[in-house]
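Structure first, commentary second.
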Amino acid sequence: MNNILKYAAFGIASFALAALVQSCAMDDPFGSGEGTLNVIAEMNGETIKTRAVPENNDYLRENCVIYIENSRGVMRKYKGVDNIPSDIVLSTGNYVCNAWSGDSVGASFSSKFYRGQEHFEITRNQRTSLRLKCNIANVVVSVDPESLNIGLSDLKVKFSMTAGELDFDDSNIRSDKGYFMTPSPETQGADAAAYAEKTKMTITISGTQEDGSPYSKQHVLNNVQRAHEYTVQLSKEERPFDQGGALIALTIKDIPIIEDTINVFAGPTVQGVGFDINEQVVNTTSSFSDVTVSILGYQGLKSVIMNVSDNFTDINNGSNIIDPIVISQLSAKGINVESTTSVDSETGVDVEELYVTFSADFLNNLPASVHEYRVSFTCTDERDVTSTGSVGFANTESAITKIDDIVVDPAPDTSRSPMAITGTTATLTGRVFKEDAADYGIKYRAQGTSNWTSVSAKAASAKPTRAQGADYSVTIKGLTPGTTYEYIAYADNFESSTVQSFTTESKFILPNWSLEEWGTYKASTMLGTKTVIFPGSGDAPSFWDSGNEGGATANKVLTDKSTDMVHSGTFSARLASTSALGMLAAGNLFVGDYVKTDGTNGVLSFGREYNSSHPTKLRVWANYRPGVVDIMKDNSLPIVSGEKDHGQIYVALTVGAVDIRTNPSNQKLFSADDDQVIGYGQVSWTDNFGPDGSLQMVEIPIEYNNRAKSARPTHIVIVCCASKYGDYFSGSSSSVMYVDDFELVYE
């Protein structure tokens, strides 16, 4: 039970509740007509002449996320530049288009991040063109390769920021660049000290001097900026003979990154239906199933030209498979072409969909070939934007393109499998092709480190075969939250050259976790304006709340700061149940907010938004002294008058704020079985907890239910109550609980 009394009756027979209604002006939410938007997206990166690493433009295109927003929120969302329609229908008004792409990694030698934002206005019956530039958003670091002859062996240059560290040594100092994520300049005003710390870079030069003695020099660079490259240039300077050693001068060259514009336009897409079109379709036992390729084009397809490899002996090259005659010819051979036109639900734009199905009969009757059968498509839409795609089939062992002994899949999509990667664990999958593999699995390491750790796979789903392979999975434990890891597949002595990566969930630090912040505000109650104490600072509401506003009606303080028992800092929270005119008011503390008063009852909202991570425990320091039950309004409860009261602390992870109503006529109390709950843990005390006069640590394990496999939590709920059944106005008027130092544990 949640045990919250926000507004107590305190024996008063009836009240007249006055509501203050506040209104504000709002723009017409529907506009006064419609217009269209055309978006051209550009990815802008470095053009460092001799050391540039070519961008994977396909990756940036496919992973670019574009939001179009107005005052009402997000109006359109697209993932992948090629999925942006050529004309987007929007109501008239002012908008902002935000986009980002790449990998947001704290510190990396390979992961870059791009951001862009443009404001625009939609005018009735007008077509607005928007050129959106996504510029590199990293701080870039490097060492000038022409300045390394300074008389130091084992030369190392370390760049350190709060986001991470990058080490340059003999293996990469002449060729690599490093990339750091830093906060947006727009956040500088929120906490200037924190911003300054996060934009400070420490550069450490170390090595061995010619006389064998160690050398180290450090330089601090403040206020580093996004989209700037900081190149370290080293030089050896003369110094008096009797001083010996080297004098190394360090110069920082700050270069605003030159933009190299790459125009990227939306175009037709060629994809496999239920399979990855980039992977060969293999079957060596004449038991193919139907294989379907989809081709989608916004605003129509002008042509789709199909070409085939030479071992297709009776299919013509260069045929336009939109042509009805060609469709009929292909159908007679077992290749079926179907088309349909749909309307994009968000934009109202027509989308032409073409589905090419290679029937099982067609594939299984292909002659055995030592070469793969390949079909390619060249697709042109009505805007003359062209894209290509192809699919390959192998029906003999010889036709199979080179397969590694083992492969591992990219990191799982945590929006679909939320618990596949947590703060400390990661479950990865792949396929093993080595039939006699004695040991196989994955090797992983924290990005920026050199040593791999091996984890053997669970048993494959079937005996591996060279043609089909067998699925396997690996679960890694003991990872560090908020860390990017690299991983490869291995089988016996074979190691895959493909390096994948994932990032563990970051820890969530509970605001005011040590309950050092306390404030007051004025509240209008049925007995006049009262001063209410609350756990927070500034204006209410804060992250935490309590039943103090209800208690203030009768000049009672249920929850307050205390110096009686403290684990750290100056204060803890003291939760004291009390009575007023025969009614129990339970001392309580909870994460959430009081919403409104319903007669003499409360309507509350449990939960605050957090970072959607998956902690394993809630740790808190507590002391509980139950009083003797002296107020019973519900004799069906598992407490007995004259015996000790019960106290409780619980934590829940939910998919939204949880509405609470204490009015018996429409009562809704918290339940761990609610559909909104994904994870839950609780501790209840029926006797004293903790030594006299001091706090004791308690850890509350969080158990995740089946809903956690498909839904990611968005809110966290924590409730502490000195009288567990305070919702039913039953318990002891002398029960007291102290709590301090709340922490989410990730193990």
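From a predicted model like this one, the values you see are computed outputs, not experimental measurements.
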Might you point out which heavy atoms bring [X] and [Y] nearest each other, and give the distance in Å?
{"X": "Ala99", "Y": "Cys64", "value": "CB-SG, 4.2 Å"}
{"X": "Ser286", "Y": "Asn364", "value": "C-OD1, 3.1 Å"}
{"X": "Gln447", "Y": "Ala107", "value": "OE1-O, 3.4 Å"}
{"X": "Asn317", "Y": "Val308", "value": "OD1-N, 2.5 Å"}
{"X": "Val407", "Y": "Tyr472", "value": "O-OH, 3.0 Å"}
{"X": "Val273", "Y": "Ser294", "value": "CG2-CB, 3.9 Å"}

Going from [atom1] on [X] to [atom2] on [Y], what distance comes out if it is rounded to the nearest 0.5 angstrom?
{"X": "Gln676", "Y": "Arg707", "atom1": "CD", "atom2": "CZ", "value": "9.5 Å"}
{"X": "Ser613", "Y": "Ile421", "atom1": "OG", "atom2": "CD1", "value": "14.0 Å"}
{"X": "Ile327", "Y": "Ser339", "atom1": "CD1", "atom2": "OG", "value": "6.0 Å"}
{"X": "Met419", "Y": "Ile678", "atom1": "CE", "atom2": "CD1", "value": "9.5 Å"}
{"X": "Asn138", "Y": "Ser108", "atom1": "CG", "atom2": "OG", "value": "8.5 Å"}
{"X": "Ile325", "Y": "Asn320", "atom1": "CD1", "atom2": "CG", "value": "11.5 Å"}

Are the aromatic rings of [X] and [Y] close, with centres under 6.0 Å apart?
{"X": "Tyr95", "Y": "His119", "answer": "no"}
{"X": "Phe362", "Y": "Phe288", "answer": "no"}
{"X": "Tyr373", "Y": "Phe312", "answer": "yes"}
{"X": "Tyr490", "Y": "Tyr440", "answer": "no"}

Tell me, do [X] and [Y] make a side-chain contact under 4.5 Å, heavy atoms counted?
{"X": "Val281", "Y": "Phe393", "value": "yes"}
{"X": "Leu428", "Y": "Tyr444", "value": "no"}
{"X": "Pro713", "Y": "Val655", "value": "no"}
{"X": "Lys443", "Y": "Tyr487", "value": "no"}
{"X": "Val375", "Y": "Met306", "value": "yes"}
{"X": "Phe275", "Y": "Val291", "value": "yes"}
{"X": "Phe377", "Y": "Val293", "value": "yes"}
{"X": "Asn336", "Y": "Phe358", "value": "no"}

Glu352/Lys302 salt bridge by N-O under 4.0 Å criterion: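 No, Lys302 and Glu352 are not salt-bridged.
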
Count the heavy atoms of every other residue, nucleotide or ligand shown that sit under 6.0 Å from [atom1] of [X], and state whether that count exceeds 12.
{"X": "Glu121", "atom1": "CD", "answer": "yes"}
{"X": "Asp436", "atom1": "CG", "answer": "yes"}
{"X": "Glu338", "atom1": "CD", "answer": "no"}

Evaluate the side chain to side chain contact (heavy atoms under 4.5 Å, CB included) criterion for residues Phe120 and Ile68: first the C-alpha distance (whole Å), next the side-chain angles of each, then the deciding distance (0.1 Å), finally the verdict. CA-CA 10 Å; Phe120 64 95; Ile68 297 175; 3.8 Å; yes

Do [X] and [Y] pair up side chain to side chain, a donor and an acceptor below 3.5 Å, judged on atom types alone?
{"X": "Arg374", "Y": "Ser390", "result": "yes"}
{"X": "Thr357", "Y": "Asp290", "result": "no"}
{"X": "Gln500", "Y": "Glu486", "result": "no"}
{"X": "Asp413", "Y": "Ser415", "result": "yes"}
{"X": "Asn311", "Y": "Ser369", "result": "yes"}
{"X": "Thr484", "Y": "Ser501", "result": "no"}
{"X": "Thr425", "Y": "Thr422", "result": "yes"}
{"X": "Ser376", "Y": "Asn307", "result": "no"}
{"X": "Thr396", "Y": "Thr284", "result": "no"}

Evaluation steps, side-chain hydrogen bond (donor to acceptor under 3.5 Å, both in side chains), between Asp409 and Thr429: CA-CA 6 Å; Asp409 297 327; Thr429 59; 2.7 Å; yes

Check for a donor-acceptor pair, side chain of [X] on one end and backbone N or O of [Y] on the other, with a separation under 3.5 Å.
{"X": "Gln280", "Y": "Thr401", "value": "yes"}
{"X": "Lys333", "Y": "Asp314", "value": "yes"}
{"X": "Thr424", "Y": "Leu479", "value": "no"}
{"X": "Ser359", "Y": "Gly334", "value": "yes"}
{"X": "Arg431", "Y": "Val408", "value": "no"}
{"X": "Thr483", "Y": "Pro481", "value": "yes"}
{"X": "Asp492", "Y": "Ala438", "value": "yes"}
{"X": "Thr504", "Y": "Thr480", "value": "yes"}
{"X": "Asn283", "Y": "Ser287", "value": "yes"}
{"X": "Glu372", "Y": "Val282", "value": "no"}

Check step by step if ring pair (Phe, Tyr, Trp, His ring centres under 6.0 Å) holds for Phe109 and Tyr179. CA-CA 6 Å; Phe109 284 110; Tyr179 303 91; 8.5 Å; no

Trace of the side chain to side chain contact (heavy atoms under 4.5 Å, CB included) decision for Lys177 with Val140: CA-CA 7 Å; Lys177 294 178 185 296; Val140 184; 4.1 Å; yes

Verdict with supporting geometry, Glu505 and Asn611, side chain to side chain contact (heavy atoms under 4.5 Å, CB included): CA-CA 9 Å; Glu505 295 173 338; Asn611 70 350; 5.9 Å; no

Assess the residue pair Thr714 and Glu609 against the criterion (side chain to side chain contact (heavy atoms under 4.5 Å, CB included)); give the C-alpha distance rounded to whole Å, side-chain angles, the decisive distance to 0.1 Å, and a yes or no. CA-CA 6 Å; Thr714 61; Glu609 291 185 3; 5.7 Å; no

Please determine which of Asp323, Val326, Leu354, Val304 meets the side chain to side chain contact (heavy atoms under 4.5 Å, CB included) test together with Val337. Leu354

Could you walk me through whether Thr380 and Thr386 pass side-chain hydrogen bond (donor to acceptor under 3.5 Å, both in side chains), step by step? CA-CA 4 Å; Thr380 305; Thr386 298; 3.0 Å; yes

